[in-house]
Amino acid sequence: MTELLKISLPDGSVREVEPGSTPADVAAAIGPGLAKAALAARVDGEVRDLGRPFEGDAALALITARDESDALELVRHDYAHVLAEAVQALWPGTQITFGPATDDGFYYDVMAPASREPFGMDDLPAIEEKMREIIKADKPLRREVWSRQQLIDKWEAEGEAFKAEWAKELPEDEELTVYWSGDDWLDMCRGPHLESTGKLDPQAFKLMRTAGAYWRGDQRNAQLTRIYGTGWLNKKQLNQHLHRLEEAAKRDHRKLGREMDLFHLQEEAHGSVFWHPKGYRIWRELEAYMRRKMDGGGYREIKTPQLMDVRQWTQSGHWGKYAENMFAVPDIVPEVDDAGEAEASPKVAADADWMAIKPMNCPAHVLVFKQGITSYRDLPIRLGEMGCCHRNEPHGALHGLMRVRQFTQDDAHIFCTEDQVVEEVRKFCALADSVYRDFGFSYHVKLALRPEKRFGSDADWDKAEQELRDAVAEAGMDNDEYGWEELPGEGAFYAPKLEWHLTDAIGRTWQVGTIQGDRVLPERLDATYVGEDGEKHRPVMLHRAIFGSYERFIGILIEHYAGRLPVWLAPVQAAVATIVSDSDDYAKEAVAKLEAAGIRVEGDLRNEKINYKVREHSLAKVPHLLVVGKREAEEGTVAMRTLGEKEQKVLPLDEAIAMLTQIATPPDLAG
RNA sequence: GCUGCUGUAGCUCAGUGGUAGAGCGCACCCUUGGUAAGGGUGAGGCCGAGAGUUCAAUUCUCUCCAGCAGCACCA
């Protein structure tokens, strides 16, 4: 008698199955619906093929399209294999290498046969067609364990030099697997895969582009062609994705920033932003808004140095851990020759003192906290700063306003007692919520837990993580409505962190806000307060930001609103445009009155037709266009046209001003 | 930082081994027109930087810089 295997299911039930059974058998036993929907299985936490037998008692969770991230990963991996099979079917002699899943799809690196050019965009339609044939053929994907020598022989026999090279380096003792697609094609692969190609939706993928890539990422090696595709569970998801790409391109803040004359970037200061008057107007409105929020939240604003001696950064630990991202400046006077020209590369004496530009504000805030003696009665102390920081980011990471080398944070550090942590974090949750709602963002709150490499004992981490959990629970945000989720291993090396992920108008997410409880920096920089017992105690330091950085947040806002900023943020809130020059005087009067009422207004008295003016101001995304012709000048009215609407409304100038004043009020000041 | 692509007028882009072109924008003129482009004239360029090949390089080659798309990174 063989003993039955005990398979426990997510609902807590346990099923007993014959040895040799597979997850597919269990799915079938539960019901035909599930058997059909199942894509793969999670066995003791590891994603596996449905058809791979259990090796003993196990915990089983069946993966279906509802388990979106697992399912997508599987499907994309399968698309990659089908892609490779299709390319080889179309062009025998093509060598294949690797093909993983990516964030929105998959790619495969291949080497075209010597008889033809490298693959290009023109080849993609034919490959897609062949992939659909393979999917429709519903070829079973079958796992087999092979020996290393078997693999080497197979690849060498087929002239697959890259695969053979790789196989030779595989460890002898590990279980090596291949996957068959039907009986005529196979690739070596760790898996898992779907049961057959037919489980893929032939209408849910699209090949996007080709790019060059070197074998093993080394330019001394052969050059391969990387074929990129996007892959989804169904056609609807694919279309949504393609639509998102289109929308995103239209909303691109770099394009809108130029068109709306908000800012520019240029080589000489790459990664740093030149803000134009209109862009900086948005910044100033946001800054004024955030100051009101922080003042109201009991924060006190400070300003700290850009440059500090490297000794300070050594003590804070940044010079050791973060130096590669920091800009260092020798504390010297450049030598200038008689012509008044400095050397391009001034000599720096070996014993020169070095300063570094701050990559973050925290150490300086601790230094402010440390001035004088702080009593427990003074805590919590909340120090805020619109802190301008520089980080030398990897050059390939720079991206418009979203990733820059100079940025300004809406930063603050809260120094408090152990007992005050939960309440301070809860207050921050409420503050962040009020801000994000003012911009119409929904958001998810996530807790990033301890990483592998970290400071501090497990007991400290248990405590720190639990504090954040408790605070979120008290704020009532530890639920699905707030997308509450814990992310193991994602925390900072010194502390777990809460993260706020905004969802924008087209469904993309952006991490902006954060709060972290830090016990390391107060220790390193020896921050203390005097407790009720008259002894020195270590405060907890909470690092927090809501916008994250002004640059990035403005970039997100531009894309979120597709350039049509809410009136309170719009650089130009209204334009007064004349139809005929006879109404110039009246238009000037209207502009003056609007300005006096605090409206940001421009007059457009140019000798152009009204059609032209309407088009221009619409493209410039000015929210309100006030048109004045002979009639309006005589009657003291304006014809108001609101951006995005076709109809215009004629109303007395005074009423228009009252209305604009009202809708131009920032959300936190609106009654 | 890695891979691929790109760099020509303020913007979007053509083009060529013999030092350049369009549309939009800008300036001026005509036009005073009622809700998304009225017409004309004109100005504007060290063709990203450096080196090489060549009688001759914006064009070909190499190096560097920057941008774009991915990747890695984002304390």
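These numbers come from the heavy atoms of this one structure, side chains and all, not from hydrogens, waters or symmetry mates.
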So which nucleotide from B:rG33, B:rC73, B:rA36 ends up closest to the side chain of A:Ala397?
-> B:rC73

Heavy-atom nearest nucleotide on RNA chain B taken for A:Gln648 and for A:Gln516; more 5' hit belongs to A:Gln648

Can you check whether any acceptor in the base of B:rC68 is under 3.5 Å from a donor in the side chain of A:Arg254, or vice versa?
-> no

Candidate nucleotides B:rU35, B:rA37, B:rU32, ranked by approach to the side chain of A:Ser581 - the nearest = B:rU32

A:Tyr322 and A:Trp313: aromatic ring centres closer than 6.0 Å?
-> no

A:Glu393 side chain to A:Asn325 side chain, donor-acceptor N/O pair below 3.5 angstrom = no

A:His501 and A:Gln511: side chain donor to acceptor below 3.5 Å = no

Determine the interatomic distance between C1' on B:rU3 and the same-named atom on B:rA72; round to the nearest Å.
-> 11 Å

Go through the side-chain N and O atoms of A:Glu385 and A:Thr304 and say whether any donor and acceptor fall under 3.5 Å apart.
-> yes

Strand partner of B:rG70, provided both Watson-Crick or wobble distances fall under 3.5 Å | B:rC2

In whole angstrom, give me the gap between the P atoms of B:rC62 and B:rC24.
-> 38 Å

Tell whether A:Gln266 reaches the base of B:rG67 with its side chain through a donor-acceptor pair below 3.5 angstrom.
-> no

A:Leu398 has an atom CG; how far is it from atom P of B:rC2, in whole Å?
-> 14 Å

Distance, rounded to the nearest Å, where A:His617 contributes NE2 and B:rA37 contributes P | 15 Å

Looking at every strand, decide which applies to A:Glu632 at a 4.0 Å heavy-atom threshold: base, sugar-phosphate, or nothing.
-> base

Length of the CZ-P vector between A:Phe98 and B:rC2, whole Å = 21 Å

Just checking A:Arg258: base, sugar-phosphate only, or nothing, at a heavy-atom cut-off of under 4.0 Å?
-> sugar-phosphate

Could you give the distance separating B:rG7 and B:rU16 at their P atoms, to the nearest angstrom?
-> 13 Å

How many Å lie between CD on A:Glu267 and P on B:rG48, as a whole number?
-> 11 Å

Would you please confirm or rule out a distance under 4.0 Å between OP1 or OP2 of B:rA69 and any side-chain N or O of A:His399?
-> yes

Evaluate the criterion ring pair (Phe, Tyr, Trp, His ring centres under 6.0 Å) for residue pair A:Phe441 and A:His560; output intermediate values, then yes/no.
-> CA-CA 9 Å; A:Phe441 288 115; A:His560 176 57; 4.1 Å; yes

Measure from the side-chain heavy atoms of A:Glu608 and tell me the nearest of B:rG38, B:rU35, B:rG67.
-> B:rG38

Say you pick atom C1' in B:rU35 and the same atom in B:rU12; how far apart are they, in whole Å?
-> 27 Å

